[in-house]
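Computed from a predicted model, the values in this text were never measured in an experiment.
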Amino acid sequence: MSTDDKNRAIAAAILPLVGGAGNISSVANCMTRLRLGLRDRSLVRDEALKALPSVMGVVEDDTYQIVLGPGTVARVTPEFEALVAAGAAQAPAHSAEELADRGAALKAARKAKNATPFKLFLRKIANIFVPLIPALIGCGIIAGLNGLLVNLGLLPGVTPALAAIASGFMALIAVFVGYNTAKEFGGTPILGGAVAAIIVYAGVAKVEVFGQALSPGQGGVLGALGAAVLAVHVEKWCRRRVPESLDVLVTPTLTVLVSGLVTIYGLMFVAGEISQGIGDFADWLLENAGAGAGFLLGGLFLPLVMLGLHQALIPIHTTLIEQQGYTVLLPILAMAGAGQVGAAMAVYLKLPRNGSLRRTVKSALPAGFLGVGEPLIYGVSLPLGRPFVTACVGGAFGGGFIGLFTMLGDKVGSTAIGPSGWALFPLLDGDKGLGTTLAIYAGGLVVGYLVGFAATYFWGFSREMIEEFDVDAEAVAASAPVAAGPGATGRDPEPEPEPAQA
């Protein structure tokens with residue numbers, strides 16, 4: 001089977017289990033998950049979906065998220081979208097409306113539960129930056145390769161070209177942020193990009209604000225965010241007041257002019273000060289309290305992920321990458337995944353008779369080593385309870401290890417966001433040479449693995465938990481019908497009622 005056929009088969013297997021094409025209102029993907037908007041949640045067959053070999057787990061938030069893993073999800077999503085489009089075209093005209101009516105109450109209740117203003121804001125922030133991650137990863141790896149070639153004195157005629165390729169996106173990242181921000185907040189995307197482009201335009205160096213000349217790029221992604229949000233508000237104000245006959249001329253002109261002037265004479269300066277403060281604070285924190293800060297960050301990251309609050313860190317990571325060339329926070333936070341892997345290995349050894357759970361661990365560990373933690377979180381540690389806590393302990397010690405070396409003057413950073421675990425190695429950078437950086441990060445992973453394993457093995461299970469979970473659930477289920485079958489009573493069982501028609 002070709003790769004395309006395999007991806008199409010995965011999409012085809014998923015579609016009927018989520019209610020068919022008529023039940024899908026939106027399709028998107030992030031680094032690891034297929035994110036679906038559903039009209040009727042009750043049509044989803046969760047257990048059958050989780051049983052698919054390609055599905056690592058499911059997560060329910062504002063969308064229904066199917067964990068397929070990095071690489072796979074990017075290839076399956078277009079195939080899934082094509083199947084949804086084909087199914088929608090063949091469906092009766094009224095089917096979508098009927099499904100929408102059936103699922104409206106359930107969808108409203110779920111949204112009311114999860115859609116706090118703060119979480120909605122964080123989701124918008126994530127939706128702005130997540131589409132940029134593939135470019136950040138690609139350019140980050142090229143930058144790392146270029147640095148290695150420069151240090152080794154190899155291919156001197158090629159390295160300038162590699163530097164240009166790696167740096168071009170980062171030089172214009174504010175434009176992409178502005179475009180996505182306007183799109184996410186309900187404005188015209190190109191106007192958001194146009195206003196954000198002012199920030200990176202070289203000509204702003206001729207403008208003085210508060211007695212200081214502006215610098216191209218001053219304010220960075222935070223300035224682009226603010227400028228694009230302002231542009232959306234100006235545009236909406238104009239749409240409500242400008243006559244339709246003049247709208248095509250007046251609205252874009254006023255949007256760019258007003259937002260641009262505020263950006264130049266206010267936002268760039270303010271956002272520049274905030275960005276500089278973020279960088280200075282991150283450096284100060286890790287240089288003066290690195291071990292303690294790393295311990296807290298590494299230990300708390302998994303709970304932050306569970307609450308969706310980790311999305312607030314995305315602009316901070318991007319700001320640090322823009323300022324310093326790498327984010328010193330991501331390698332520390334990646335230690336949470338190492339603690340999770342260590343905890344899963346301990347679970348595997350502590351429950352030798354639970355074949356189902358052990359198979360889950362074996363299938364999810366490779367993804368865990370590569371930094372995809374959802375299968376282990378939702379399939380292993382979180383349902384057990386205490387192993388989730390001990391996994392956090394492993395992450396805390398791994399983060400503390402890297403933070404300690406930062407205090408000693410050895411910074412470890414990542415040139416992009418998204419990957420973690422072993423997948424982060426190609427993106428690592430620091431201030432003491434690549435070899436030292438790789439060694440410190442690898443040491444942190446080992447500490448996270450070992451402490452997560454030890455904490456889970458010795459303190460992750462009570463006696464009652466062992467008695468409850470260290471059983472062969474499949475054997476128990478298989479023996480249950482025999483005990484209650486015809487031979488147990490000496491007479492035939494009552495006939496099963498006919499299933500109700502849907």
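Below 30°, between 30° and 60°, or above 60°: for F301 and H310 the angle between ring planes is above 60°, a perpendicular geometry. Using the six-membered ring where Trp is involved, W422 and F369 have ring planes that are tilted, between 30° and 60° apart.
Remark: K432 engages D410 in a salt bridge, criterion side-chain N to carboxylate O under 4.0 Å.
P16 approaches A12 most closely through the heavy-atom pair CD-O, 2.9 Å. Of all the heavy atoms in I417 and T318, the pair that sits closest is CD1-OG1, 4.1 Å. Heavy-atom minimum distance, A21 versus V84: CB-O, 3.5 Å. Counting all heavy atoms, side chain and backbone alike, I128 lies closest to E184 at CG1-CB, 4.1 Å. Nearest heavy atoms, M170 versus L136: SD-CD2, 3.5 Å.
Aromatic pair F397/F401: ring centres not closer than 6.0 Å.
Residues I66 and L52 form no side-chain contact, since every pair of their non-hydrogen atoms from C-beta on lies 4.5 Å or further apart.
Atoms CG and CG, from L330 and L297 in turn, are 11.5 Å apart once rounded to the nearest 0.5 Å.
Geometrically, K350 engages Y457 in a cation-pi contact defined by less than 6.0 Å to the ring centre and at most 45° from the axis.
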